[in-house]
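Note sheet for the following structure.
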Protein chains: 2
Amino acid sequence: MTPKAKKTDLTTEQKIIHAARKLFTMKGYEATKTRDIAKEAGINLALLNYYFRSKEKLFEIIMQENVGQFMQVISDMVNNENTSINEKIELLVNNYIDMLTRLPDMPLFVMNHLKSTPQRTEMRERFMGSYFMKQIQQAMKKGEITTINPMNIMMNIVSLTIFPFIAKPMVQNNHSLSSEQFYNLMQERKKLIPKWIDAMLKSK
Amino acid sequence: MTPKAKKTDLTTEQKIIHAARKLFTMKGYEATKTRDIAKEAGINLALLNYYFRSKEKLFEIIMQENVGQFMQVISDMVNNENTSINEKIELLVNNYIDMLTRLPDMPLFVMNHLKSTPQRTEMRERFMGSYFMKQIQQAMKKGEITTINPMNIMMNIVSLTIFPFIAKPMVQNNHSLSSEQFYNLMQERKKLIPKWIDAMLKSK
DNA sequence: GTCTATAATTCGATAGAC
DNA sequence: GTCTATCGAATTATAGAC
């Protein structure tokens, strides 16, 4: 047996987490039934409560895991003191598009939760006090970029990167756009979004 | 009595629709209970089923109403033969921001539904065969705008306009950004988004 | 049309055997 | 740790009186 466990070698706890992650992110909290999680995990309903006391506790674990990953990409970007503005934007766009290609349900899942139960993410504070923010202000002062509310810069980068994954079912239905075409479109945007942001920052 | 009915003068059917619209868009299908709708409407639970046979039928009415409004803004824009490219963009951004200011829950509500039950919206076909599309292709041929996949243009306009409302709970928590500040930011974007799109279309 | 009462089902959670 | 069986609450929907 290799040290790397096969899928069937997962512990019961891991099997439940895997099943819960799949169903919660796919269908949301209310629409996901504990019976379905148990079935998907190949175990019994009672065992789910034995390991995780309640549906809500299990959900919180999955949600924090998702919120964490989601926020991490932004934190990594805005606090990096070794990259230029343009490099930061490229890094964030690349990381998000790669992540959301693997986990396309994540953004809607996270946004739904933040709406119903606002968290202390303090996105705005984190951004306003970040190294990225300082770089922007310096570039503005030097006249290298146009005068602009920094919130708009961050909002635009994230909008252009994430929204297409949220709107995917709208543009890509009935095979009008194949999965492969959508994938290619997103890969193409990795290079285009930084260029567009650059054009925006230099517009008068 | 004026011909315009007061809120308390609504028919029972209207009272139920109003309550259902509020709760469904706010909390989604599963989390909304028929009892709560009845309570919100000030009527009895049995009466809800008397008028609308089932929870699902009632939901479909509310959902189609929302999807319709959502799509209408795009249809109005891409099929208008009397406006320039820039005027079209300004119109769409203005209409969406005004609509979502009134109905901030709409985008998440609609996106959640389209994901779970893909509709025959054929957004891509409608766009690809539209008058707006023809204008873009002409402008590209004349070299007035840069060479770009038209899907990206539409995707960017909609992303920049709608995503901030979806991400609202993330940027605006714990009074870090007041409702008024958020409102002002969105109003400001009415003028900025068309400028940014313009810069994007002229970038090399 | 509107109500009260309740049927029928579903769901989260637990008891208790192994 | 894992299972079967079941409880108790919640929820959608309906029956039947007025």
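Below, read A as the first sequence line, B as the second, and so on, with proteins coming before strands; counting in each chain starts at 1. All values below come from the heavy atoms of this structure, side chains included, with hydrogens, waters and symmetry mates left out.
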Can you name the nearest heavy-atom pair linking Thr12(B) to Tyr51(B), along with the distance?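 The answer is CG2-CE1, 3.5 Å.
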Can you run down the ring-ring contact (aromatic ring centres under 6.0 Å, His included) pairs that involve residues 100-122 of chain B, sequence neighbours left out, and say none if there aren't any?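 Checked against ring-ring contact (aromatic ring centres under 6.0 Å, His included) - neighbours excluded - the pairs reaching residues 100-122 of chain B are Phe59(B)-Phe109(B), Phe59(B)-His113(B).
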Less than 4.5 Å apart, side chain to side chain, heavy atoms only: is that true for Ile61(B) and Lys57(B)?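 The answer is no; the side chains never approach within 4.5 Å.
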Are Lys55(A) and Tyr29(A) in a cation-pi contact, defined as NZ or CZ under 6.0 Å from the six-membered ring centre and within 45° of the axis?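 Cation-pi check for Lys55(A) and Tyr29(A): passes.
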Starting at atom CZ of Phe52(B), determine the distance to atom C1' of dG1(C), rounded to an integer number of angstrom.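 In whole Å, dG1(C) C1' and Phe52(B) CZ are 14 Å from each other.
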Mind calculating the distance between NZ (Lys39(A)) and P (dT10(C)) to the nearest angstrom?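 From Lys39(A) NZ to dT10(C) P: 13 Å.
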Report all interatomic pairs (protein N or O, nucleotide N or O of nucleotides 11-18 of chain C) with separations under 3.5 Å.
from: dG12(C); atom 1: OP1; to: Lys55(A); atom 2: NZ; distance (Å): 2.8
from: dG12(C); atom 1: OP2; to: Thr34(A); atom 2: N; distance (Å): 2.9
from: dG12(C); atom 1: OP2; to: Thr34(A); atom 2: OG1; distance (Å): 2.7
from: dG12(C); atom 1: N7; to: Arg35(A); atom 2: NH1; distance (Å): 2.8
from: dG12(C); atom 1: O6; to: Arg35(A); atom 2: NH2; distance (Å): 3.1
from: dA13(C); atom 1: OP2; to: Lys55(A); atom 2: N; distance (Å): 2.8

Cut-off 3.5 Å, side chains only: do Asn86(A) and Glu90(A) have a donor facing an acceptor?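 Checked: Asn86(A)/Glu90(A) side chains show no N/O donor-acceptor pair below 3.5 Å.
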Could you list the residues that satisfy salt bridge (Lys or Arg N to Asp or Glu O under 4.0 Å) with [X], not counting sequence neighbours?
| X | value |
| --- | --- |
| Lys33(B) | none |
| Asp36(A) | none |
| Glu30(B) | none |

Does anything in residues 20-28 of chain B reach DNA chain D, meaning a heavy atom under 4.0 Å, and if so which residues?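 Here the set is empty: none.
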